[in-house]
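Within every chain, numbering begins at 1; the chains are lettered A, B, ... in the order of the sequence lines, protein sequences first and strands thereafter.
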Number of protein chains: 2
Amino acid sequence: MPAITIDEIARLAGVSKTTVSRVLNNKPDVSQQTRETIMALIEQYDFHPHALAKAISLQKSQSIGLIIPHEAQYIFSNPFYVEVMRGVSTEVDRLGYYLLICYPHSQNYVDIYKQKRVDGFIILSPGSLHKNIFKSLYDAEAPFISTSMIPDEKEMVYVDVDNKRGARLAMEHLISLGHRRIAFIGKPRLASSIERLNGYRETLQEHGIAYDDNLVMISGDASISGGCSAAHEMLRRANPTAFFLVNDLLAMGAIKAIQESGLNVPRDVSVIGFDDIPLSECIYPPLTTIRQPAFEKGVRAARLLVQYLEKKKKPKSQLLDVDLVVRNSTAAVRS
Amino acid sequence: MPAITIDEIARLAGVSKTTVSRVLNNKPDVSQQTRETIMALIEQYDFHPHALAKAISLQKSQSIGLIIPHEAQYIFSNPFYVEVMRGVSTEVDRLGYYLLICYPHSQNYVDIYKQKRVDGFIILSPGSLHKNIFKSLYDAEAPFISTSMIPDEKEMVYVDVDNKRGARLAMEHLISLGHRRIAFIGKPRLASSIERLNGYRETLQEHGIAYDDNLVMISGDASISGGCSAAHEMLRRANPTAFFLVNDLLAMGAIKAIQESGLNVPRDVSVIGFDDIPLSECIYPPLTTIRQPAFEKGVRAARLLVQYLEKKKKPKSQLLDVDLVVRNSTAAVRS
DNA sequence: ATGAAAGCGCTAACAC
DNA sequence: GTGTTAGCGCTTTCAT
């Protein structure tokens, strides 16, 4: 049987659909009597208003698109991003919206917006190489929030952490342990990585330690195995006493490489990561890292977007805190 | 400016919207001439048909709901489930559908269906304790595919692996290495876990090894730390020479517990997991496990659902392969 | 307090 | 080949 509609309910109640609509949306101007009759009917016939018909009438889909600008593989295999996604989806749900996953291929996200399938977007930690995405979003006048800050994108609303500060926290920690030959392994073209490199350089400089190009590497593959091979190469070419890696997965790879080289972490070489994914305290040795609130990042992004949509004006970007989490992968430099 | 509509395009082209609709949907019965004019106009005005209006007219939302019946935390923190989700979302996208994340709280998934927001569902690895979900889905006549088989749910279409066979593979491996005191650590009320326990028992029996209740445990917390504490307790109470755990996360926890007890894996105790998440080959020692095709599971589920929706008849359930992946966490029993 | 009617943007059966 | 018209299910303005 075709689902029952508002017209049917109206007919059964002997009223117009206007009145039913009023009841449906808890509007005033309906007698208690009528309201009850209608509610009973709604209950009885298990009537559910057609969401799309409602959306088309209200000109609001009540849906939000989550744009995954990177390779899905890359995003889904890093627990940090997955946790941000969880935050986004949980909060979007809580706020009474629906979340649509959007990949940049196939159906273009802008088309999805122009088709009115979503009211706005959250874009998951894009980098500078995604400027074309921002541009098309602006051109379409689509509201969106980014979960990473992008330099020179002054218009963009984002939720992020102070990456430079996080890096400084990491570096201060290592330097206070006596390390001076500190390797940095980053990711290509991501503002977060670049900011962390800046923090790395500044902290070195403040402590009078010369910056050495050989100690800096960019790994295209930001996974455990990427970290492992990068660290192997670094070990060979620059003999650092400590590693600072821009995420925990890379750090886990580095630990592996160091161990494979017959060295001990942290006795021979210290390792510090970034993110503090749950895994990091489970590995051996438990990883010292910079914690950033992944779930909260997603939650905030969702809230900001909904605020954007409902107040119809751009909210302010937000910066969340980072913390140093000391575990056992870092120790005083070997004398 | 409000987005341009089909009426506008029709007016500009001096034709009826029927004709424009024909062009939009690549239907016949339009002269080449007219078609080109209209297409030019569509291009020029960057016209995108309103997806919801279309959906309402076609009585098809072109969207699929992904139901996450468990705690989101539990699902998102296990790379296996995340990979299934990636498979689902990738294939759904490829097939020209949209994926909506549905949590069982707040807005009920059945309501989402009745509101016509989705055409059907994929339910992510539910267990027997989710029978009420299936029931409500059946009652609503909502098409859905499960990514796990549930005993006694004969009507249900699912994509799964042969869990019992996987368990037998694991057990044959351990037994062939000489182990006889093999601990089993499972999860509560999940068919997959129960089937694996059945495989465990049967294999023991076939090899004339007595089943010992003390060697079997169910861990409510199916994470690394859950595996760790369960294994600690198991070590204390039953002194097994090998562990079979129903997922890799638990197995990683077990390895940790064993190491914390001053024992060596695999020299003193062997450990085998299930799933083969990417992490498993990165830990120390690399984990021997039963591989199941997570991504493919998601892809198949998506395909099956779309087939279900488009042919309007229930497709057949599918069983995917499992394989034993031997790494370094298992070895011959110590004599 | 209630309803008639227009409007949201599209598709499709049927007529010409 | 093209248009007319009804229909999809809801909200809302404006009367009463």
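A side-chain donor from one of Ser61(A) and Asp119(A) sits under 3.5 Å from a side-chain acceptor of the other. Side chains of Thr147(B) and Tyr81(B): no donor on one and acceptor on the other come within 3.5 Å.
Using a 4.0 Å heavy-atom criterion, one finds that Lys116(A) contacts no nucleic acid atom at all. Nucleic acid contact for Thr18(B): base, since at least one base atom lies under 4.0 Å from a heavy atom of the residue. Using a 4.0 Å heavy-atom distance criterion, Ile56(B) is classed as a base contact. Residue-level contact check: Thr5(B) touches the backbone only, with heavy atoms under 4.0 Å from sugar-phosphate atoms and none from bases.
Each of dC14(D), dT11(D), dT11(C) was ranked by its minimum atom distance to the side chain of Leu24(A); first place goes to dT11(D). Of the candidate nucleotides dG9(D), dT11(D), dC8(C), dC8(C) has the atom lying nearest to any side-chain atom of Gln59(A). When distances are taken from the side chain of Lys54(A) to each of dC10(C), dT2(D), dC10(D), the shortest belongs to dC10(D). Here dC10(C) is the nucleotide among dA6(C), dC10(C), dT2(D) with the atom lying nearest to any side-chain atom of Ala53(B).
The side-chain heavy atoms of Pro126(A) and Ile133(A), taken from C-beta on, include no pair separated by under 4.5 Å. At a threshold of 4.5 Å between non-hydrogen side-chain atoms, the residues Ser63(B) and Arg117(A) count as touching.
For the OP1/OP2 pair of dA1(C) and a distance below 4.0 Å, the side-chain nitrogens and oxygens of Thr34(A) include no atom meeting the criterion. The phosphate of dT11(D) (OP1 or OP2) has a side-chain N or O of Ser21(A) nearer than 4.0 angstrom. Listed pair Ser16(B) / dG3(D) meets the phosphate criterion, a side-chain N or O lying under 4.0 Å from OP1 or OP2. The shortest distance between the side-chain N/O atoms of Lys27(A) and the OP1/OP2 oxygens of dT12(D) is below 4.0 Å. One finds a side-chain N or O of Ser31(B) lying less than 4.0 angstrom from the OP1 or OP2 phosphate oxygen of dT2(D).
Atom NE2 of His50(B) is separated from atom P of dC10(D) by 16 Å (rounded to the nearest Å). As a whole-Å value, the separation of Arg117(B) CZ from dG9(D) C1' is 14 Å. In this structure, Lys114(B) places its NZ atom 16 Å from P of dG9(D), rounding to the nearest Å. When rounded to the nearest whole Å, the span between CG of Asn26(B) and P of dG1(D) equals 15 Å. A straight line from CD1 of Ile6(A) to C1' of dC8(D) spans 14 Å, rounded to a whole angstrom. The nearest whole Å value for the distance from the CD atom in Glu8(A) to the C1' atom in dC8(D) is 14 Å. Atom CZ in Phe47(B) sits about 10 Å away from atom P in dG9(C), given to the nearest Å. If you take NE2 of His48(A) and P of dC10(D), they are 12 Å apart, rounded to a whole angstrom.
Summarising the geometry, atom CG belonging to Asp111(B) is positioned 7.5 Å from atom CG belonging to Asp46(A); distances are rounded to the nearest 0.5 Å.
Residue order along DNA chain C, read from the 5' end via each residue's closest nucleotide, puts Val30(A) first among Val30(A) and Lys17(A). Mapped onto DNA chain D by nearest heavy atom, Leu52(A) and Arg22(A) fall at different nucleotides, with Leu52(A) at the one closer to the 5' end. With the nearest nucleotide of DNA chain D identified for both Ser57(B) and Arg35(B), Arg35(B) has the one nearer the 5' end.
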Q: Assess whether side chain to side chain contact (heavy atoms under 4.5 Å, CB included) is satisfied between Ile4(B) and Ile9(B), documenting all intermediate values.
A: CA-CA 8 Å; Ile4(B) 194 166; Ile9(B) 297 287; 4.0 Å; yes
